[in-house]
Structure formats: structure tokens, C-alpha cells
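All heavy atoms count here, side chains included; hydrogens, waters and symmetry mates do not. Chain letters run A, B, ... following the sequence lines, proteins first and then strands; every chain starts at 1.
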2 protein chains.
Amino acid sequence: MQSYTEENYLKIIYHLSEISHPVQTNAIAERIHTKAASVTDMIKKLSEKELVNYVKYQGVTLTEKGKLTAINIVRKHRLWEVFLVDKLNFKWDEVHDVAEELEHIQSNLLIERLDEFLHFPSVDPHGDPIPDKHGNFVELAFVKLSKLNSGDNGTITGVSEHSSSFLKHLEKLGLTLGKRIEIIEVLEFDGSVELLVEQQKTNISREVAKHILITKN
Amino acid sequence: MQSYTEENYLKIIYHLSEISHPVQTNAIAERIHTKAASVTDMIKKLSEKELVNYVKYQGVTLTEKGKLTAINIVRKHRLWEVFLVDKLNFKWDEVHDVAEELEHIQSNLLIERLDEFLHFPSVDPHGDPIPDKHGNFVELAFVKLSKLNSGDNGTITGVSEHSSSFLKHLEKLGLTLGKRIEIIEVLEFDGSVELLVEQQKTNISREVAKHILITKN
DNA sequence: TTCATTATTTAGACAAATCTAAAAATTTTA
DNA sequence: TAAAATTTTTAGATTTGTCTAAATAATGAA
Ligand SMILES: [Mn+2]
Ligand SMILES: [Mn+2]
Ligand SMILES: [Mn+2]
Ligand SMILES: [Mn+2]
């Protein structure tokens, strides 16, 4: 079994693996709010336990065992987020911090029963896929809203930024999961996007558009 | 805020306070599976934080602040146990260990919403009272089954032993919360009790009878 | 390709929570 | 009430995860 801290490292390494291979020490340090020296220490420990492959000065990659562990934590995180939103009426911007704690509860029975109670959801409140108990899940074919052109339309199916301020902003504009949108115009000047949601015209910055994930129709 | 470990000490001290005032070092050590020396260290720390009153060689008592903190942890523990039984179909002997972890999740919103979701239960799956958000609760007027005499009858409303083996044993005999019982005879020889549950005659040892709590009618 | 910059690791220290062994205080027994 | 037994505390060490400062390796610019 891994400690709370080890689990957090594995999860962060898993997420960072989608961006760079291998994962750099500094990248981990930044995400986990710690110093590079501490990361090196922990990486050595995880390597000792055969959860990561570590090459000095190069970085780390997860071993199969480490990856399965990480995916299981992600599974728990996302299932708890669904629980909080669906059953306890949390808003999508309120769930992340609590899920960061709940994801470390150790009980297979608990998580399998929770999954069942929630009717085996396939995505979490932010549109992220929920791995099944074997670690399998389907990556949805997203495209960033910032890549669309005028006339394009689609459905909001995810966000790539989970901060409360960002999510609250989207909520206010009515840009929530499942909403259909149509691009009116992409301003050449600053890349901001004018779009239509439920007969309502809205304008969002390029920065915001980058973090909204669309499934085209 | 207190650490996970500090919370556990406070909770144990709270429970032991019902038995002895002040609470002895060794009693805590035994319950928390640690050594007396470690307990002394932690007690000093809790005293420093004004969560307990500590007199060297005498023992500890909780301060008002410490007591409120402890009651809040008990509240969370019991609410989670209700959740596990009522919503996730756990058996009453399966919930304790998971609740030991869940009770440390830090989120007032979570626990208030959970309370609401469970329709503000007043007792947990073992018949123990659940404090409200202000720390108030009613102690039920229990009597140990071992104190009853032949001819007495009442309802099982609690247990004072939470081990899985004990609870499974009761389950097997049909001696669960809410069941009405009638004492047929208390054997003089060994104090074992012959009783009637749902037209069924059963015999339990004095040791078992001691841990079944009855509300008389 | 050499020097400067950046990234990473090592060395040594620290706080939290624990332990063992020994000392000190309290309680029990005789 | 004095010795014996028990309980509690102290002293010093250990483990986990972190830090700062210094050393080392890798990368990028001239
Ligand atoms: Mn999240
Ligand atoms: Mn999420
Ligand atoms: Mn319990
Ligand atoms: Mn209980």
C-alpha cells in the first residue's frame, strides 16, 4: 500500500505524462507545491518500490504497476466528484478540493458500491472519463473551442481547467456541459470568440476558449 | 486545524472520558495501539494547543474546544456509517473501518449536505446517537440485556461492542436493532440468557448479553 | 565548442509521530 | 509506612516528508 503522499505523486506524474515523456522533476515540484529536492527524494522512493522508472537527470515514467495505481486514484477522484454533484448538490466548481481528500480512502468495496450507486457513470462533472475497475476508459474525441471557426457548431463536453473561478465564469455565461453552441465569429484582433448558446449571444476570450472542449456535430 | 493523528487522540480521549475522569495515559495507549511514551508526547502537544487539560501523572480531560472537536469527529463517523448502510448496502459489521478514514475528511459543506441527504438521522447503525452540527445529542436510556430478569421484555436499541465478529454473531441470531425480545430465563450457573426473538428461542452467553442495549417497554 | 544558464541531485537539517530503555512518580501491598 | 509493583515521564533514536544551500549535469547561445 502507498502513503497519502506517494499516491499524490503517482497521480500528478500520471497527469503530467500526457504532456511530456518522461516527466521532469521541476514539473512535478510545481504541481505538488513542493521543491525539486523533495521531488527527487520521493522519486527515488517510488523507483525503489517499482512504481516509476527513473533515470537520473532525465525524469520519470510510470511502470505498469504505478500506472494502474494512479488510474485507480483518478477513478476514485472522479467517482466522488459525481457523487458530490449528483447526490449532494455540489456545484461543479465546489467538488475538486473535497475529492482530493476522498480519493485516498482505502476500500475497494466502498468504491465499487459507490460506482453502482451512481449507476456506473462514464464521465465526471467536468467531462473527464471515469476509468472502470480494471483501469479501462475511452478518451473522448475533443476539440478545443479555440480551434473552431465561424459557422462551426458542437456540444460542450469537457473543460481542461478546473479552477473554481474559471468554472464559475462558465456557469455565469451558461456554458455548461451538454450545452450546444455555434460560433458566430472569431475576432482576428485578439482571438476572442463570439458564440451562440441557447439563443443567447456571448463573447469569450481566447484564453477561456482554449479550455472549453467541444464535440463537433 | 488538527492533524489526522491529533483528531484520533481527541476522539479516543472523548470516548474514554465516559469511563474515567481524568483519562489515563495507558488507557489511551491501549486504544490507539501505541506506547505510553508516545501518548505523553502527544498529550503535551494537545495541551499546548489548549485542546486538553493535562496534569502530569494524573491524566487528561478535554477542554470545551477539545470536546467540540471530538464530538464533531464522532458526528462525521456516525453519519458516514449511516451512509454506508443506508445508501451503499454495507452490513453493520462492515462500516466501522471505512468510517475511521472518512471521519477525517475536512469539509463542513460535505457533512451538512450528507446529513440532509440522509434525512438527519438521529442514530447510527449501532444505535449510537448522532450529534447535530452544534454538538448536541440525546443520550438514550439504555439498559444492558444482562441486567434484565426473566419475564422482562424490550427492544434492542444499541450495542456496546462494535467488532465485526460480535456483530456478525448477533446478525446470525436475529438480534438486530429494533427487534423486540423477551427474557425467558437467566441461568444461575453461568449467567447465560435464554430469550425469545420473533417466536424464536435463543441462548446467549452473559458476555454477549452485556453488550446488547435494551430499551424496556 | 566553450561559456553561461537552467535543471537536477546531494548533503545536511528539521518537524511530526513514533519507539526503546531508563528514570521518576504514584499506587498497592504487606 | 516502607518496599514492591505499576504507571508515567524523560532521553535519545528512528522514519517520513520536507527544506535550504551547495554541487553537479544538461542545455542553449555565442
Ligand atoms: Mn477534480
Ligand atoms: Mn473532475
Ligand atoms: Mn464505528
Ligand atoms: Mn457506530
Candidate nucleotides D:dT18, D:dA21, C:dC19, ranked by approach to the side chain of B:Ser38 - the nearest: C:dC19

Which residues within residues 1-33 of chain A lie with some heavy atom under 4.0 Å of an atom in DNA chain C? A:Gln24, A:Thr25, A:Asn26

Nucleic acid contacts of residues 49-58 of chain B, taken as heavy-atom distances under 4.0 Å to DNA chain C: B:Tyr57

Would you mind classifying the nucleic acid contact of A:Thr40 as base, sugar-phosphate or nothing, using non-hydrogen atoms under 4.0 angstrom?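 A:Thr40: base contact, heavy atoms under 4.0 Å.
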
Tell me whether [X] at atom [atom1] has more than 12 heavy atoms from other residues, nucleotides or ligands lying less than 6.0 Å away.
| X | atom1 | result |
| --- | --- | --- |
| A:Glu161 | CD | yes |
| B:Lys65 | NZ | yes |
| A:Lys67 | NZ | no |
| A:Lys133 | NZ | no |

Between [X] ([atom1]) and [N] ([atom2]), how many Å, whole number?
| X | N | atom1 | atom2 | answer |
| --- | --- | --- | --- | --- |
| B:Asp41 | C:dA16 | CG | C1' | 10 Å |
| A:Ile43 | C:dA7 | CD1 | C1' | 12 Å |
| B:Leu46 | C:dA16 | CG | C1' | 13 Å |

Ring centroids only, cut at 6.0 angstrom: are A:Phe83 and B:Phe83 within range, meaning strictly under it? yes

Partner of A:Glu103 by side-chain contact (heavy atoms from CB on, under 4.5 Å), out of A:Glu81, A:Arg75, A:His77: A:His77

So B:His162 and B:His126, would you call those rings parallel, tilted or perpendicular, with 30° and 60° as cut-offs?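 Because their plane-to-plane angle is under 30°, the rings of B:His162 and B:His126 count as parallel.
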
Any side-chain N or O of B:Lys44 below 4.0 angstrom from OP1/OP2 of D:dT10?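 Answer yes for this pair, as a side-chain N or O of B:Lys44 is under 4.0 Å from OP1 or OP2.
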
Check B:Ser20 against B:Val23 and note the closest heavy-atom contact, atom names and distance.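 Looking at all heavy atoms of both residues, the closest pair is O-CG2, 3.7 Å.
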
